[in-house]
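Here's the structure we're looking at; comments come further down.
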Amino acid sequence: MADNDSVLAAARAWAGEPLALATVVSTWGSAPRPRGSHMLVHADGRFEGSVSGGCVESDILATAAEVLAGSAFQRKRYGIADAAAWEVGLPCGGEIEVMVQPVSATGFDPELFDRIAEARAAGRALTVETDLETGHSTLREGGAAEVFRNRYDPPRRLLIVGAVQIAQSLAALAATLGITTVVIDPRARFLTQERFPGVTLDDRWPDEAIAALRPDPATAVVTLSHDIKIDDPALLAALASPAAYVGALGSKRSHAARLERLATAGVAPDALARIDGPVGLSIGAIGPAEIALSIAAAMVQAFHAPR
């Protein structure tokens with residue numbers, strides 16, 4: 001799954017202006033960016049996003065300028081660069097194919113950006129289909145012989161239950177990953193903007209807050225309060241949703257007791273198995289920051305898991 005949040009935001013900000021869209025349509029080997037990754041180029045030279053992490057972007061900018069000047073959409077393949085020559089390529093050893101199309105009715109229709117934004121805001125994924133012979137993108141199934149389909153998932157979210165010290169580190173890490181975070185805690189002394197600057201705070205009881213926030217397959221829910229009156233209702237609400245990741249802080253002994261309580265509350269074994277507890281990847285983490293790192297890694301792993 002490609003992370004195109006910044007590109008989609010730029011498309012809304014630059015709406016109505018001349019733009020070209022570059023997209024990774026195929027990868028081989030250790031490609032630096034996944035299929036579906038975008039780079040949006042403005043006619044004035046500004047751009048947002050990446051198709052290779054910097055290796056071929058200069059050539060893509062030149063190709064985008066040609067497309068914006070009226071040439072047909074283009075497909076370009078980049079392989080291993082010759083280190084002894086002034087050749088555009090990928091030093092990582094992988095290969096990619098990139099298409100560059102105008103943002104227009106005959107290329108990537110500007111209205112598609114609105115449709116993608118609407119679907120993501122509603123927590124739904126949307127797939128755009130591109131005819132690789134004509135460079136025309138649409139939401140409809142077509143009869144083209146060669147088609148590229150790009151799925152746009154809802155924006156990733158993290159719901160943290162318990163405004164504790166680990167939550168402070170985890171919220172900061174999530175921000176660097178482009179994941180929108182909400183910290184939920186009915187305890188006013190814990191839940192302050194001073195402790196969580198720039199983070200959305202929710203002082204409702206966790207089951208009420210989670211039900212209202214409606215976790216989807218692009219949402220992670222992590223309970224950190226160590227208070228069963230707060231964590232257990234949150235887990236019950238999270239397990240009733242299609243959240244991609246549900247994690248709970250605690251030792252192996254406390255997690256076993258937690259599973260017994262939730263089973264008594266009627267949670268089925270397959271639902272209980274969804275809980276990552278003790279939360280996070282096993283990296284020998286010590287201290288709040290390292291524990292937060294282990295949780296972030298487990299969360300990202302869950303987001304990338306096939307489903």
Side-chain angles (χ1 to χ4, degrees), residues 1-27 31-78 81 86-92 96-121 125-139 147-156 175-180:
M1 180 177 63
D3 176 10
N4 288 313
D5 287 354
S6 65
V7 171
L8 295 174
R12 294 193 294 275
W14 298 343
E17 302 178 46
L19 306 170
L21 184 68
T23 308
V24 179
V25 296
S26 296
T27 63
R33 293 281 286 148
R35 290 176 75 254
S37 297
H38 286 314
M39 176 177 167
L40 186 66
V41 182
H42 193 286
D44 65 10
R46 287 177 288 168
F47 67 92
E48 185 61 53
S50 170
V51 294
S52 76
C55 306
V56 305
E57 270 67 12
S58 293
D59 191 64
I60 291 296
L61 287 171
T63 303
E66 295 174 5
V67 169
L68 285 165
S71 72
F73 98 105
Q74 297 188 40
R75 292 168 62 184
K76 307 196 73 172
R77 186 161 175 166
Y78 300 96
W86 293 99
E87 179 186 348
V88 176
L90 303 175
C92 60
I96 60 173
E97 183 179 359
V98 180
M99 71 172 173
V100 183
Q101 58 189 147
V103 176
S104 68
T106 59
F108 194 96
D109 195 317
E111 291 186 3
L112 290 174
F113 287 123
D114 294 331
R115 299 291 295 276
I116 293 167
E118 290 168 4
R120 283 161 53 89
L126 189 74
T127 298
V128 172
E129 180 180 281
T130 301
D131 184 332
L132 291 178
E133 295 176 352
T134 67
H136 182 234
S137 299
T138 178
L139 296 179
V147 172
F148 171 71
R149 293 181 179 88
N150 202 11
R151 172 179 164 136
Y152 299 86
D153 287 317
R156 293 174 176 176
T176 66
L177 295 168
I179 299 171
T180 301

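- Between Arg46 and Glu17, some side-chain heavy-atom pair lies under the 4.5 Å cut-off.
- The structure places CG of Asp109 at 9.0 Å from CG of Leu139, a figure rounded to the nearest 0.5 Å.
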Could you walk me through whether Val128 and Ile116 pass the side-chain contact (heavy atoms from CB on, under 4.5 Å) test, one step at a time?
CA-CA 9 Å; Val128 172; Ile116 293 167; 4.2 Å; yes
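- A salt bridge (Lys or Arg N to Asp or Glu O under 4.0 Å) with Glu97 is found for exactly one of Arg77, Arg75, Arg35, namely Arg75.
- The aromatic ring centroids of Phe47 and His38 lie 6.0 Å or more from each other.
- At least one side-chain heavy atom of Val103 sits less than 4.5 Å from a side-chain heavy atom of Leu40.
- Of the candidates Phe108, Tyr152, Trp14, Phe113 forms a ring pair (Phe, Tyr, Trp, His ring centres under 6.0 Å) with just one, namely Phe108.
- For the pair Asp3 and Asp5, the minimum side-chain heavy-atom distance is below 4.5 Å.
- Under the 4.5 Å side-chain criterion, counting only non-hydrogen atoms from C-beta, Val25 is not in contact with Val98.
- Checked against side-chain contact (heavy atoms from CB on, under 4.5 Å), Thr127 has the following partners two or more places apart in sequence or in another chain: Arg149, Arg151.
- Residues Met39 and Gly49 share a closest heavy-atom pair of CG-O, 3.9 Å.
- Leu19 CG to Ser104 OG: the interatomic distance, rounded to the nearest 0.5 Å, is 10.0 Å.
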Could you check Thr130 against Gln101 for side-chain contact (heavy atoms from CB on, under 4.5 Å), going step by step and ending with a plain yes or no?
CA-CA 10 Å; Thr130 301; Gln101 58 189 147; 4.2 Å; yes
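- Nearest heavy-atom pair, Asp59 versus Tyr78, reported as atom, atom and distance to 0.1 Å: OD2-OH, 2.6 Å.
- At a cut-off of 3.5 Å, with distance as the only test, a side-chain donor of Glu57 or Ser50 sits close to an acceptor on the other residue.
- Minimum heavy-atom separation, Leu112 to Thr138: CD1-N, 4.3 Å.
- The minimum heavy-atom distance between Val100 and Ala20, with the atom names listed, is CG1-CB, 4.4 Å.
- Counting heavy atoms from C-beta on, the side chains of Arg120 and Leu8 come closer than 4.5 Å.
- Using modelled atom types and a 3.5 Å distance limit, the side chains of Ser6 and Glu48 yield a donor-acceptor pair.
- Val41 has its side chain within reach of Leu61: a pair of non-hydrogen atoms, C-beta onward, lies under 4.5 Å apart.
- What you find for Ala119 and Leu126 is that their closest heavy atoms are CB-CB, 3.9 Å.
- Residues Phe148 and Met99 are in side-chain contact: their nearest non-hydrogen atoms beyond the backbone lie under 4.5 Å apart.
- Listed here is the closest heavy atom pair of Phe73 and Pro102: CB-CD, 4.3 Å.
- Taking 4.5 Å as the limit, every side-chain heavy atom of Arg33 sits out of range of all side-chain heavy atoms of Ile96.
- The CG atom of Asn4 sits 6.5 Å away from the CG atom of Asn150 when rounded to the nearest 0.5 Å.
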